[in-house]
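Accompanying notes for the structure given below.
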2 protein chains.
Amino acid sequence: MPTIERVPVSQQRPTLADVAAAAGVSVSTASLAFSGAGPIAAATRERVRQTAADLGYTGPNPLGRQLRRGRSGIVGVVVGDALRRSFRDPVSVQVLDGITSELGPLGLGVLLIPGPLDVAEPVIDPLIGSAAMDVAIMLWGGTVNDLVVDALRRRSIPIVLVEGRRQPGLSVIGIADRDGIRQATEHLVGLGHTRIAAVTLPFGPDRTSGFADDERLGDVRWDLTRRRLGGIHDAGVTPVAVYETSASLVEHGTEAGRALLSLPERPTAIVCHSDLLAGGVVLAARELGLRVPQDVSVVGFDGLDLPWLLPDVLTTVAQPLAEKGRAAGREAARLLVEGEEPASVELPVSLVVGTTTGPPPAS
Amino acid sequence: MPTIERVPVSQQRPTLADVAAAAGVSVSTASLAFSGAGPIAAATRERVRQTAADLGYTGPNPLGRQLRRGRSGIVGVVVGDALRRSFRDPVSVQVLDGITSELGPLGLGVLLIPGPLDVAEPVIDPLIGSAAMDVAIMLWGGTVNDLVVDALRRRSIPIVLVEGRRQPGLSVIGIADRDGIRQATEHLVGLGHTRIAAVTLPFGPDRTSGFADDERLGDVRWDLTRRRLGGIHDAGVTPVAVYETSASLVEHGTEAGRALLSLPERPTAIVCHSDLLAGGVVLAARELGLRVPQDVSVVGFDGLDLPWLLPDVLTTVAQPLAEKGRAAGREAARLLVEGEEPASVELPVSLVVGTTTGPPPAS
DNA sequence: GGACGTGATCGAATCGATTCGACCGCCAGG
DNA sequence: CCTGGCGGTCGAATCGATTCGATCACGTCC
């Protein structure tokens, strides 16, 4: 005698229990019909599936499943800043694409979390403290991420840092950027350049811009920027001038280019910490009537495709952007399995010679 | 006499029950101490909070809360394509930024979902069928979204479409783009132009590129493209040539520009469906030694900031991108409250005259 | 002094699934 | 003929919180 317990009121979404009742099996068997995690007769499975379809049941409610499993299947991705700002640079976008392409097939979703909003009075997004996620990936680790790291640590959520300072207890995905810059610089030296200038990423959260004197150069807070500056020295070169920018954007490159190329002792080559900056420098050179590379050589970093720079093609240090994202995704997935320890990865870079470098002018 | 039921094994994360036991209150009271949804003595709340802190309890487990509430607090955002491709156009990024900026303060998170991967054999992301989300926002509604819409509908997840064909049962956030293109075209007509060409967004999922003849023009499958083409006709203009592109990217604009500007009867003005395309056309003109706007005028659409195009500043139809995102977020949040009906919104656009339009050459 | 309203707290049901151990036939091997 | 093993199914506990209704103490008003 069937007790009428669950009358699927038309307005209500059916649950696994409804399906089980309608198919005449127990809830546990119905569950097996969907998860496939256990022995079940093919006929039973089909019957349950069919009843489910008839009832308009579209599969197990993720919320129930997640609670039971203790896993949300969600990877939080903390982007360094307001999205608008982070993603004006295609670099982050490509990394993000790599992350999703790795995580998607594993059934893991990406929850987008804006990083600390302000620098003077950092406010971390409430999602960091309360959203369901099994592991977090932090992009562009430069920013005031200590707050974020702390908050995630408290929740004992494992962390993967993309580009950041190595620290115990979390995984860092980095690239051999110092060595890349060294190679690029040596390429310039090999061509005969001696007056080499640099255009850098921000030194720290204050994000000022302008020529950096020695004192300022001693106060580079962000690791990434310091590493890339170090690469120039590794090639045995001391830059004749260093221009610090407030963000890796074309307009800041142009600003830097104008300043550097108007110096009395004009540099014959400029090493830039990003392709966007380098592109901006090339535009500044054009604007000043200088030929690239005859009058000035320019190298970038990242290996982006800049169609608007044509016919010039940047000489640049290409980093494997999508692979960096995939590596981060892989590492995140790995940290998900119980007891796995964080591990760091360093990916290689490669110098790609384009049309923007050549021998220095005869002078 | 306290029964020793819950011994918080050091390895285990504490639960609300642990906190309640330690603080000597019931679970329900402990819950109140965190949610604040009910009367509770200030002293009790403090005590519970303090014990929680001592135990390292960082707040209610989102999974439990979500199941009970029947809400995940997650908004799925389906981007039209692989992220890499979608986000090469800053348009989507700005819209996404608008969405998060609206949703964040409401405590809602954004789950990033790649759209259908391929056109020939569309595969929709499994997340669409199984991820926890309360409502979905679909960006760039052109693509093979019927599959996605169907899948979401089956799960009875409300949908907000950004830029798409209006249809019953879902909300559409659109802009007055047809009217905007009309204004831009009339601006050109007012300047004296008669030979006006067009560079369009893709006609449909096949994404071919090249000159479109009349037959092809009768087969514009994507609504967005059709509307923008319609705007030209609304101004009483029949384009002397229409060049269809395969994506809204600079390089495709350049390709189109080269083709159009090499025609025997060169158009004196070119209306483009996006700023990236327009920027590409300007580059093509420069490459061919043509002056903008003396030899050819160019108008775009979107209102982006293109620092690499300087000193030229595009004449363009500016759309409120971030506001479009915020409107989508608002609408998504609205659909979350029980019984709210979908509603559509159309945002205004405005013609912004830059330096790329002027009177046609004398001839 | 008794009834009543109110603020604080508690118990228990509930959300929707997964999963462990028990159970039940049935077949094969000894 | 008995037993062991196994495929298939089921019941019940469990994940961690929210929330409804009940309870209780206390102060106030008539």
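Since the model is a prediction, treat every value here as computed from it, not as a measurement. So that the names make sense, note that chain A is the first sequence line, chain B the second, and so on, each numbered from 1.
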Problem set entry | Length of the line joining A:L63:CG and D:dT14:P, which is rounded to integer Å | 22 Å
Problem set entry | A:S171 side chain vs A:A343 backbone, donor-acceptor pair below 3.5 Å | yes
Exercise. Which whole-number value in Å describes the distance from A:N61 CG to C:dG16 C1'?
Worked result: 6 Å
For this session: Kindly indicate whether the side chain of B:R68 and the base of C:dT14 share any N or O donor-acceptor pair separated by less than 3.5 Å?
Result: yes
For this session: Please tell me if the side chains of A:I74 and A:D134 come closer than 4.5 Å, counting only heavy atoms from C-beta onward.
Result: no
For this session: Using atom types as modelled and distance alone, determine if a side-chain donor or acceptor of A:D18 lies under 3.5 Å from a backbone N or O of A:T15.
Result: yes
Exercise. Any side-chain N or O of B:Y57 less than 4.0 Å from the OP1 or OP2 oxygen of D:dA17?
Worked result: yes
Exercise. OP1, OP2 of D:dT18 versus side-chain N and O of B:S35: anything below 4.0 Å?
Worked result: no
For this session: Just report the end-to-end axis angle for the helix from C:dG1-D:dC30 to C:dG30-D:dC1, five pairs per end, to 10 degrees.
Result: 50°
Problem set entry | From B:I159 atom CD1 to B:Q167 atom CD, the distance as rounded to the nearest 0.5 Å | 7.5 Å
Problem set entry | Any donor-acceptor N/O pair, B:T51 side chain to B:R47 backbone, under 3.5 Å | yes
Problem set entry | Euclidean distance, atom CZ of residue B:R71 to atom C1' of C:dC15 [Å, nearest integer] | 13 Å
For this session: Can you measure from CZ (B:R155) to OH (A:Y57) and round to the nearest 0.5 angstrom?
Result: 11.0 Å
Exercise. So, does B:R154 use its side chain to make a donor-acceptor pair with the main chain of A:T58 at under 3.5 Å?
Worked result: no
Exercise. Are A:R65 and B:S130 close enough that a side-chain donor and a side-chain acceptor fall under 3.5 Å?
Worked result: no
Exercise. Could you state the CG-P distance from B:L16 to D:dT18, rounded to the nearest angstrom?
Worked result: 7 Å
Seminar exercise, completed: To the nearest angstrom, the CG-P distance between B:D134 and C:dC15 comes to 18 Å
Seminar exercise, completed: Nucleotide by nucleotide, nucleotides 5-10 of chain C touches protein heavy atoms under 4.0 Å in the pattern (B base, S sugar-phosphate only, - none) ---SBB
Exercise. Rounding to a whole Å, what distance do you find between B:L67:CG and C:dT18:C1'?
Worked result: 12 Å
For this session: Give the rounded distance in Å between these two atoms: CZ of A:R69 and C1' of C:dA17.
Result: 9 Å
For this session: Taking B:R71 for its side chain and B:L336 for its backbone only, find out whether a donor-acceptor pair lies under 3.5 Å.
Result: yes
